[in-house]
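The chains referred to below are lettered A, B, ... by the order of the sequence lines, with proteins before strands, and numbering in each begins at 1.
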Amino acid sequence: MEYRKLDKSFYAREDTVKIAKELIGKYLLTDIDGEGVTGGKIVETEAYLGAIDKASHGYGNRKTERNKNLYKAGGYAYVYFIYGMYYLFNVVTGKENNADAVLIRAIEPEIGLDIMLKRKEKAGRGKGGANGGINRITSGPGLLTIALGINLRHNGIPVCEGKEPEKLNIWLEDRNVNIAGKDVIETPRVGVGYAAEHALLPYRFKIKGNKWVSR
DNA sequence: CGTTGGATCTTCT
DNA sequence: GAAGATCCAACGC
């Protein structure tokens, strides 16, 4: 069976929470600077609902230089830098001028392990010891971007058209992995306590018992 | 074990 | 000038 790249119609829908849930079990892949294909299965996501969501960078339709890519139509990457150290990768959803997006929080590394390990060592993350490097190589939103080679260069590029700069490819695929509904856990988001009541909504999804979810 | 602080940059107040 | 959609290592119990 052939792997199917997710296209615009997948991201352009209006129910971002549903998209976040459906992304569990899909594959996130990159091919950067000719280093080869890297990626794996998505095991954790979070939905951010733009204008009505205090935790979103697009709350109240605030528009700035930094978050302008949030307002693109579904199917674009929104990457931004945080804590002086990490890039976080989101995929924009919904229609143009709607600031909805899904944050990819963790993947299960499967493709291009050696390349991802090399990137992690290069970034000086973790002990890199006997197996210290591999165990949490993509288990968290700040880590998976390191492993996949994602940074601000990718902010605003499309993830569903193959025609972008050849050394700067990010896309998502359906590899026919079906995660049973009972194995997907919904929880409140983390790290957004300032968002008050919005922090409590169950917009975070992860695969139950999966070793690669963030902590 | 659990908790804490440091790293270090962008954005908005 | 402060705080953030984070991670890790060093500490204290």
So what does [X] touch, heavy atoms closer than 4.0 Å: a base, only the sugar-phosphate, or nothing?
X: Gly84(A); value: base
X: Arg189(A); value: nothing
X: Asn90(A); value: base
X: Tyr83(A); value: base

Among [options], the nucleotide that comes nearest once only the side chain of [X] is considered:
X: Lys120(A); options: dC8(C), dA5(C), dT8(B); result: dC8(C)
X: Pro141(A); options: dA5(C), dT10(B), dC7(C); result: dC7(C)
X: Tyr78(A); options: dC7(C), dA7(B), dA5(C); result: dA5(C)
X: Met85(A); options: dA5(C), dC8(C), dT8(B); result: dT8(B)
X: Arg66(A); options: dT11(B), dA5(C), dC7(C); result: dT11(B)

Could you check whether Arg13(A) makes a cation-pi contact with Phe10(A), meaning its NZ or CZ is under 6.0 Å from the centre of the six-membered ring and within 45° of the ring axis?
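Verdict for Phe10(A): a cation-pi partner in Arg13(A).
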
Item to complete: Could you measure between the two C1' atoms, the one in dA5(C) and the one in dT3(B), and give it in whole Å?
Response: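 The answer is 22 Å between these two C1' atoms.
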
In whole angstrom, what separates [X]'s [atom1] from [N]'s [atom2]?
X: Asn69(A); N: dT11(B); atom1: CG; atom2: P; result: 12 Å
X: Asn67(A); N: dT10(B); atom1: CG; atom2: P; result: 16 Å
X: Leu152(A); N: dT11(B); atom1: CG; atom2: C1'; result: 13 Å
X: Arg136(A); N: dC8(C); atom1: CZ; atom2: P; result: 5 Å
X: His57(A); N: dA3(C); atom1: NE2; atom2: C1'; result: 11 Å
X: Glu44(A); N: dT6(C); atom1: CD; atom2: C1'; result: 13 Å
X: Ile104(A); N: dT6(C); atom1: CD1; atom2: P; result: 15 Å
X: Asn155(A); N: dT11(B); atom1: CG; atom2: C1'; result: 14 Å

Quiz item: Hey, which of Val102(A), Asp53(A), Asp100(A) is the one that makes side chain to side chain contact (heavy atoms under 4.5 Å, CB included) with Tyr48(A)?
Solution: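 It is Asp53(A); the other options fail the test.
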
Exercise for the section: State, yes or no, whether a side-chain contact exists between Lys72(A) and Tyr78(A) at a heavy-atom distance under 4.5 Å. Expected result: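 When only atoms from C-beta onward are counted, Tyr78(A) and Lys72(A) do not touch, as no gap falls below 4.5 Å.
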
Q) Can we say Glu35(A) and Lys118(A) salt-bridge, meaning some charged N sits less than 4.0 Å from an Asp/Glu carboxylate O? A)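 Here Glu35(A) does not pair with Lys118(A) in a salt bridge, since their nearest N and O are not under 4.0 Å apart.
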
Intra- and inter-strand pairing of DNA chain B, written as dot-bracket with Watson-Crick and G-U pairs under 3.5 Å and | for the latter, reads |||||||.||||.

- Go through the structure and list residues passing side chain to side chain donor-acceptor pair (under 3.5 Å) with Lys95(A), not counting sequence neighbours.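 Once residues adjacent in sequence are excluded, the partners of Lys95(A) under the side chain to side chain donor-acceptor pair (under 3.5 Å) criterion are Glu14(A).
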
#### Entry: Shortest non-hydrogen contact between Val79(A) and Asn151(A), atoms and distance
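Answer, listing the atom of Val79(A) first, then Asn151(A): CG1-O, 3.7 Å.
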
Practice task
State, to 0.1 Å, how close Leu6(A) and Leu23(A) come at their nearest heavy-atom pair, and which atoms those are.
Solution key: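 So the minimum-distance heavy-atom pair works out to CD1-CD2, 3.9 Å.
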
message = If we ignore hydrogens and angles and just use 3.5 Å, is the side chain of Thr38(A) paired with the main-chain N or O of Met116(A) as donor and acceptor?
response =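 Between the backbone of Met116(A) and the side chain of Thr38(A) there is no qualifying donor-acceptor contact (under 3.5 Å).
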
